[in-house]
Amino acid sequence: LSGEVRGVEHDHTGRMAALRGALAARGADAFLVAHLPNIFYLCGFAGSAGVLLVTAGEADFFTDARYAIEAPAIVRAARVHIARKGVVAELAARLRRRKQCVAFESAHTIVEQQAQIARAAGRGVRWLPTSGLVEDLRIVKDVAELAVIRAAGDIAVDVFDEVVHLVRPGMRESDLAAEIEYRMKRKGAAGPSFPTIVASGLRSALPHARASEKRLMKNELVVLDLGAILRGYSSDITRTVFVGRAPARIRGWYQAVLEAQRAARVALRAGVTAGKVDEAARRVLRKKRLDRYFVHSTGHGLGIEVHEPPRLGRGVGQKLRLGSVVTIEPGVYVEGTGGIRIEDDFLVCNGEAEILTRGVRELVEL
Ligand SMILES: [Mn+2]
């Protein structure tokens with residue numbers, strides 16, 4: 001019934017058990033999961049509405065009648081309730097049964113909704129705000145997740161390899177973005193993991209530019225940042241190409257960014273802090289006096305969400321864990337000239353990190 005989960009058997013029972021351990025450690029009797037990516041991780045539900053209530057012995061997923069057929073077929077490790085009287089009412093009816101401490105996800109909860117649930121659940125429920133309980137579990141990917149993330153990475157790389165030959169002066173950025181997203185879907189992706197970035201010329205200096213109607217021109221940088229969602233998991237790569245022969249200054253910048261990516265890749269391993277990986281990339285750019293043009297973090301975790309913990313940012317003391325998947329994506333952005341970013345996805349190992357997005361990383365001149 002759901003293409004999202006076809007062919008992949010995730011260990012939902014094991015994930016629920018790990019969550020129960022974290023709950024017990026905090027003295028909570030139950031946990032209300034509101035964040036859909038966390039719900040997908042725990043029970044496989046890939047729809048757009050529902051809440052999951054996890055206790056020491058049970059797990060109950062509440063959703064509405066639109067999912068009456070689909071939810072029972074795809075949800076694992078939880079009982080499905082189609083809430084005909086409304087999710088809040090049925091959830092509250094469940095919570096009212098006993099005096100208890102219920103943890104909730106304060107970073108993903110709408111204040112108004114939480115107030116409604118609390119009112120309906122009554123005074124017997126003590127609410128415990130928490131953050132990152134499920135995200136902490138998601139930081140370490142299991143074998144099933146890695147298989148899907150690898151395949152999502154292959155789609156992104158294959159699509160780049162195809163569309164790079166289509167780049168022509170006169171083409172609109174949005175044409176190229178449409179071509180990228182179409183080809184990702186033809187290769188089995190559910191869609192792009194974020195709106196595809198095609199940013200050319202002066203716009204390439206905007207790290208989060210969306211593809212616009214601007215036409216590519218000769219002697220311009222073009223930044224292509226793309227990722228595919230496959231069975232609920234994302235990839236994320238960036239390549240920068242030059243339309244024509246790149247001048248020496250641009251080549252110099254490109255080599256610096258590539259070297260920064262390599263340095264971060266060498267630093268990346270289990271046990272080192274995220275900040276140390278960021279610093280490895282930043283140091284290379286500092287030596288070339290380009291560090292002030294590097295305006296974002298070196299990378300981020302990748303999985304069910306395209307940006308998830310850990311963040312590889314300046315001064316982040318969090319230690320990287322074996323089995324995390326992260327991007328490394330240094331860049332330089334020079335107002336009035338253009339920008340360069342090179343991004344790949346890596347699996348954190350005990351030794352050298354494994355690259356999940358193969359392909360050519362040298363400057364492509366078209
Ligand atoms: Mn990224």
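Numbering of ligands and ligand atoms starts at 1, following listing order. Bear in mind that the values here come from a model prediction, so they are computed numbers and not experimental data. In what follows, every heavy atom counts, from backbone to side chain, and hydrogens, waters and symmetry copies are set aside.
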| Near-ring test Phe45/Tyr67, centroid separation under 6.0 angstrom | yes
| Is the centre of the His307 ring less than 6.0 Å from the centre of the Phe194 ring? | no
| said: At a threshold of 2.8 Å, where the distance has to be below it, does the Mn ion (ligand 1) have an N, O or S atom of Asp225 nearby? | reply: no
| field | Whether His307 has an N, O or S atom under 2.8 Å from the Mn ion (ligand 1) | value | no
| query | Mind checking whether Arg341 and Asp225 have side chains closer than 4.5 Å, heavy atoms only? | reply | yes
| message | Does the structure place the NZ or CZ of Arg282 under 6.0 Å from the centre of the six-membered ring of Phe294, at an angle of no more than 45° from the ring's axis? | response | yes
[X]: which N/O/S atom is nearest the Mn ion (ligand 1)?
X: Asp236; result: OD2
X: Glu343; result: OE2
X: His300; result: NE2
X: Glu329; result: OE2

| said: List the residues meeting salt bridge (Lys or Arg N to Asp or Glu O under 4.0 Å) with Lys288, not counting sequence neighbours, and say none if there are none. | reply: Glu259
